[in-house]
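Input: a single structure, listed below in structure tokens.
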Amino acid sequence: MAFPEEMKAAFPSYGPDWDRAVEMGIDVSLLLENLSLTPTQRLQRLQELVDATAELRAAVSRKNDSVR
Amino acid sequence: MIQFVELLRRLEASKLEFVVVGGVAATIHGISEPTRDLDVCIRLDAASWAKVHSVIAPLHPCNAMSPNRPPLHASAAELASYRNLYVQTDLGRVDFLGEVPPLGPIDALEVHTVEIAGMPIRVLGLEALIRVKEHVRRPKDLEVATQLRAIRDAARKKPAT
């Protein structure tokens with residue numbers, strides 16, 4: 001997790017809406033990373049995130065079941 | 001678990017006219033917020049609903065807007081009376097929308113075509129998506145709108161400093 005001041009120091013400003021996002025705590029490094037990808041790669045990233053979240057939830061559920 | 005590309009592949013193969021809106025559109029534009037459903041705007045006519053039916057029927061569709069998610073047995077003709085359809089399938093949740101407030105129906109949408117896994121996919125444009133997110137105004141939509149506006153800045157120009 002990076003703080004707004006760190007983001008402001010680390011990344012250049014692209015304009016007022018960019019600055020506002022930084023001030024609101026948006027991790028703009030992730031936006032820049034996404035913008036370097038193709039639309040297909042962006043969707044693949046989302047798929048990987050959704051899959052990983054589901055796997056994590058299933059693992060927690062299995063763990064809770066084994067404790068009961 | 002939702003399979004975004006496979007759902008898009010089936011929608012595209014059906015020749016359904018659709019525009020990707022919502023969280024997946026935001027992802028395609030570059031934001032980093034997760035979403036677990038696919039929202040598409042379609043034309044509200046019998047031919048479109050017949051294509052929707054052909055896509056979802058093999059995927060064990062359930063009514064996602066009912067608490068116990070009963071199986072959806074509606075025929076293509078019955079679907080034609082719907083304005084929106086929220087359906088859970090074997091490949092995940094898909095929302096078929098007849099219009100996108102505050103923009104309107106599919107013909108009113110500003111659309112960009114992007115290539116996704118080799119397919120030409122029509123996606124709601126950045127400005128239009130910002131308007132939608134600002135209109136819906138749930139906390140998560142406002143955060144997405146903030147990210148989209150930042151992306152717009154980044155797309156418009158080189159760094160100011």
Side-chain angles (χ1 to χ4, degrees), chain A, chain B residues 1-9 20 22-38 91-93 112-124 126-127 130 133-134 139-140 142-161:
Chain A
M1 184 177 84
F3 294 96
E5 288 307 318
E6 292 174 303
M7 283 286 166
K8 209 176 287 184
F11 293 96
S13 169
Y14 285 88
D17 286 329
W18 180 272
D19 295 342
R20 197 165 296 118
V22 170
E23 284 159 15
M24 288 180 65
I26 302 294
D27 188 340
V28 290
S29 70
L30 296 176
L31 299 185
L32 289 176
E33 188 180 339
N34 289 341
L35 290 175
S36 72
L37 303 175
T38 66
T40 299
Q41 289 169 328
R42 293 171 195 165
L43 199 55
Q44 284 170 342
R45 284 275 180 96
L46 173 62
Q47 186 70 59
E48 289 164 6
L49 180 62
V50 169
D51 292 349
T53 303
E55 283 175 23
L56 190 60
R57 282 188 175 143
V60 170
S61 178
R62 283 195 300 274
K63 177 77 173 168
N64 289 342
D65 287 347
S66 70
V67 169
R68 283 190 197 121
Chain B
M1 201 184 315
I2 190 155
Q3 299 296 320
F4 295 108
V5 171
E6 181 58 23
L7 280 167
L8 290 172
R9 199 179 302 285
V20 176
V24 171
T27 294
I28 290 170
H29 282 295
I31 76 144
S32 58
E33 290 298 311
T35 186
R36 292 193 295 161
D37 64 4
L38 175 64
L91 293 175
R93 165 82 177 264
H112 292 182
T113 300
V114 299
E115 186 185 303
I116 301 285
M119 300 174 284
I121 299 295
R122 299 172 76 212
V123 179
L124 190 63
L126 182 58
E127 288 294 337
I130 290 171
K133 293 297 180 184
E134 288 173 343
K140 66 177 183 177
L142 294 176
E143 175 154 347
V144 167
T146 299
Q147 291 193 39
L148 290 170
R149 287 192 295 267
I151 285 170
R152 181 177 59 190
D153 267 1
R156 275 179 180 163
K157 58 182 179 184
K158 301 284 185 192
T161 55

If you define the side chain from C-beta out and look only at heavy atoms, does anything of [X] sit under 4.5 Å from [Y]?
X	Y	result
A:Thr53	A:Leu56	no
A:Gln44	A:Thr40	yes
B:Leu148	B:Lys133	yes
A:Tyr14	A:Leu32	yes

Quiz item: Relative to chain B, which of A:Val22, A:Leu46, A:Leu30, A:Thr38 shows the most heavy atom pairs under 4.5 Å?
Solution: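 The option with the most such pairs is A:Leu46.
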Top contributor to chain A contacts, counting heavy-atom pairs under 4.5 Å, from [options]:
options	result
B:His29, B:Glu33, B:Met119, B:Gln147	B:Gln147
B:Gly118, B:Gly23, B:Ala117, B:Ala150	B:Ala150
B:Ile31, B:Thr27, B:Ile121, B:Val114	B:Thr27

Quiz item: Between B:Glu115 and chain A, which part of the residue has a heavy atom less than 4.5 Å away: side chain, backbone, both or neither?
Solution: backbone
Quiz item: Which bit of B:Leu8 comes within less than 4.5 Å of chain A, counting heavy atoms only: side chain, backbone, both or neither?
Solution: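 Side chain of B:Leu8 only, per the 4.5 Å heavy-atom cut-off to chain A.
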Quiz item: Under 3.5 Å, is there a donor-acceptor pair between the B:Ser32 and A:Asn34 side chains?
Solution: no
Quiz prompt | A:Ile26 versus chain B, the contacting section by heavy-atom distance below 4.5 Å | solution = side chain
Quiz item: What distance separates B:Arg152 CZ from B:Arg149 CZ, expressed to the nearest 0.5 Å?
Solution: 7.0 Å
